[in-house]
Amino acid sequence: MAPLSSNHHQRSYQSSDVSSEDELLWCATWIHRVSQNASYLSYIQSNGHVIGSDDDDFSFSWDDKRAATKVFLAKGFIVNNIGELQAYKQHSDNYICSLIPGSPNSQAQYTPGGLFYKQGQSNLQYVTISPFPLLTYAKCLDSNGGYASCGSSMVTSETLITQTKKKNNYILGDNPMKMSYMVGFGDKYPMRIHHRGSSVPSVHDLPDRISCDAGHKYFNSQSPNPHILVVAIVGGGADSNGNYGDDRGNYSESEPATYINATFVGAAAFFSGY
């Protein structure tokens, strides 16, 4: 069966900053890889304009799959010699190069200590998700001795792997503050994360129900959370200057999220066998 357009379905959620079409192209790309069903490749070719097949993209997140879709499609050209996907190679080069410090095409902002910094709210979501396209591209370049063309510079797979490892190590404590942004990991980590279950007393210590209003007492407390939410990665981590205030009230920096931990696992899995 050929992939369907989202026009066939009523959308239930309208909070996305981009249309759902990028999700369909993302899915079609994965399914084509697994099934080798030509109808999915045809769908990609017919609808590539939706993800800007003629334009560059410089962001990848849970809400915007366009740049990573192009990297995956470029792999089809680099590794499998699918000529119809050749155009995605240059788009992918441009995206990859935009993340590399010192590259002529670099567009990324980094803190003084070297943390990729895209925005103030839950910035680590971009730090933990960027290794997916970087490592995917590194592996496919390594498979045929290729490189990413960044203007007059050539970026090799080893550069991409090194850059990704720095991102991971920064989160785990290799940074100017010597702060691990994974709760419970290392000697120094966030103690006042924005998480109700972690910050209110245990039912064993306080059997009575804690209402929403009553919870403000613990939310506003300066004491460390009574419960350690082990391996949760806080959302923002360091600010643009590389500082972290460990403030429960600053949810932009201190709130953990599953979509941050989930993407971190991918890079961790890669390096476990590297």
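Residue numbers run from 1 in the order of the sequence given. Only heavy atoms go into these numbers, but all of them, side chains included; no hydrogens, no water, no symmetry mates.
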Counting N and O atoms only, with roles assigned by atom type, does the side chain of [X] sit under 3.5 Å from a partner on the main chain of [Y], one being a donor and the other an acceptor?
{"X": "H194", "Y": "N250", "result": "no"}
{"X": "S98", "Y": "Y95", "result": "yes"}
{"X": "H216", "Y": "F219", "result": "no"}
{"X": "N175", "Y": "Y170", "result": "yes"}
{"X": "S198", "Y": "H195", "result": "no"}
{"X": "N123", "Y": "A238", "result": "no"}
{"X": "T263", "Y": "Y259", "result": "yes"}
{"X": "N105", "Y": "C150", "result": "no"}

Any chance the side chains of [X] and [Y] put a donor and an acceptor closer than 3.5 Å?
{"X": "Y137", "Y": "D93", "result": "yes"}
{"X": "N225", "Y": "R248", "result": "yes"}
{"X": "D213", "Y": "S211", "result": "no"}

Within a strict 4.5 Å, meaning less than it, do heavy atoms of the [X] and [Y] side chains meet?
{"X": "L229", "Y": "P256", "result": "yes"}
{"X": "N241", "Y": "T111", "result": "no"}
{"X": "E255", "Y": "V234", "result": "no"}
{"X": "I171", "Y": "T128", "result": "yes"}

Heavy-atom count around [X] [atom1] within 6.0 Å, excluding the residue itself: above 12?
{"X": "Y147", "atom1": "OH", "result": "no"}
{"X": "Q90", "atom1": "CD", "result": "yes"}
{"X": "Y110", "atom1": "OH", "result": "yes"}
{"X": "N220", "atom1": "CG", "result": "yes"}

Tell me if the centroids of the rings in [X] and [Y] come within less than 6.0 Å of each other.
{"X": "Y181", "Y": "Y244", "result": "yes"}
{"X": "F72", "Y": "W30", "result": "yes"}
{"X": "H32", "Y": "Y43", "result": "no"}

Exercise. Any ion pair linking K65 and D22 (charged N to carboxylate O, less than 4.0 Å)?
Worked result: no
